[in-house]
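Only a predicted model underlies this, so the values are computations on that prediction, with no experimental measurement involved. Start at 1 with the first residue, then count along the sequence.
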Amino acid sequence: MHAIHVASFGAPEVLTPVDLPDPVPGPGQVVVGMVAADVIFLDTLLRGGWGQDIFPRTPPYVPGGGGAGEVRAVGDGVAPAWVGRRVAVRTGTGYAEQVVAAEGEIMPIPDGLAATTAAALVHDGVTALDFHRLGAPREGEWVLISAAAGGAGSLLVQLAVGAGARVVAAASSEAKLALARDLGAEAVVDYTRADWIERVREATGGGAALVYDGAGGALGTAAVDALADGGRFVTYGTADGFAAPDRESAARRGLRLLTPLMDGPPDQERVRDLLGLALERAAAGHLRPAIGATYPLDQAAEAHRALAARATVGKSLLLIGSEKVS
């Protein structure tokens, strides 16, 4: 089968097309023929050698964390009825024509939902719903979402709007701001402008009640100043490192600083609960991942370059196989 290897830690050029033996499922496992692989910013960090204490990798390895496709084979202890079913899969690999996963790492795709849509929700759908529960936007309150045109950010816009909140979306280009408007943002700001925090405070009449920081680094740290006193700050961005707000100042202002990534990856039970909910909402038309960039498998390096350059509007996927017509 065709796959991508991280030959060694480094720049996107280390993503190398390779031919590997077809995988064989062990006890409790399945083989999924992939239609689409999820591509997230974390993949680019791990490729560079970041996060070995949390996400250990030893090159060469097949990167990625799942996607969607069809079950082709099952191992001992797995019901044969899985074979031929369309599934979302969230596991430790993804950039390949076939992946092996534990039975607990797959979930049926609802009828009528495209495999590409399911793949786009495997990580960002789980992340967005998890942080939506954590931030708990309320009807009528202002919510600032930075990196609002990213995979998770674009879903958080929809979830906040669905909760009745008023959204200010921050992004770095007119195309990204246009997407946020299309998803329901009431106001938009370009965070490459020096006065973007002032523009947020003006739009919200003094500051947002809740900030979802999908940028991290200096931008995320600055976004704390867009909060009204007593507000909530949920930070998950890592593009330029984690946000580092002044905790003493935050305490004086009564701010709640929430850093869910510091707690490590969510447990498998919560992941399954959230992924199932994301797929259900998407099938019902209540959640729409914005798939803005698709690449063939052998162009994985280009997908990583575009993410690193923040050139992607919406979600990125690798398209690998053809979807079964049921």
Are any side-chain N or O atoms of Lys176 and backbone N or O atoms of Ala170, one a donor and one an acceptor, separated by less than 3.5 Å?
no

Mind checking the CZ-CG spacing from Arg305 to Leu15? Nearest 0.5 Å is all I need.
8.5 Å

Side chain proximity check, Asp213 to Tyr236, heavy atoms < 4.5 angstrom
no

I'd like to know if the side chain of Arg281 reaches the main chain of Leu287, judged simply by a donor and an acceptor atom lying under 3.5 Å from each other, with no hydrogens or angles considered.
no

Can any side-chain N or O of Arg72 pair as donor or acceptor with the backbone N or O of Val32 at less than 3.5 Å?
no

Taking the side chain as every heavy atom from C-beta outward, state whether Leu183 and Val161 have any atom pair closer than 4.5 Å.
no

Does the side chain of Phe131 come within less than 4.5 Å of Leu261's, by heavy atoms?
yes

Is it true that atom CD of Glu13 has more than 12 heavy atoms of other residues, nucleotides or ligands lying nearer than 6.0 Å?
yes

Does this structure show an ion pair linking Arg252 with Asp229, if we count only N-O contacts that are shorter than 4.0 Å?
no

According to a hydrophobic-cluster definition based on side-chain heavy atoms being under 4.5 Å apart (Ile, Leu, Val, Met, Phe, Trp, Tyr only), do Leu42 and Leu318 belong together?
yes

Out of Asp19, Leu20, Ile320, Asp22, which one pairs with Glu97 under the side-chain contact (heavy atoms from CB on, under 4.5 Å) rule?
Ile320

Do Leu227 and Asp225 come within less than 4.5 Å of each other through their side chains, counting heavy atoms only?
no

Just checking, any donor-acceptor pair under 3.5 angstrom between side chains of Asp43 and His304?
no

Heavy-atom side-chain proximity of Val83 to Val74 below 4.5 angstrom:
yes

Would you say Arg86's side chain and Leu113's backbone share a donor-acceptor pair under 3.5 angstrom?
yes

Cation-pi check for Trp82 against Arg85: NZ or CZ below 6.0 Å from the six-membered ring centre and within 45 degrees of the axis, yes or no?
yes

Looking at side-chain heavy atoms only, is the closest gap between Glu105 and Arg272 below 4.5 Å?
no

Would you indicate whether the side-chain heavy atoms of Val14 and Ser8 approach each other to under 4.5 Å?
yes

In terms of hydrophobic clusters joined by side-chain contacts under 4.5 Å, are Val126 and Ile291 together?
no

Picking from Leu210, Leu156, Leu155, what satisfies side-chain contact (heavy atoms from CB on, under 4.5 Å) with Ile145?
Leu156

Pairing of Asp267 and Arg270 as salt bridge, 4.0 angstrom limit
yes

Can you tell me if Ser249 uses its side chain to pair, donor with acceptor, with the backbone of Asp246 under 3.5 Å?
no

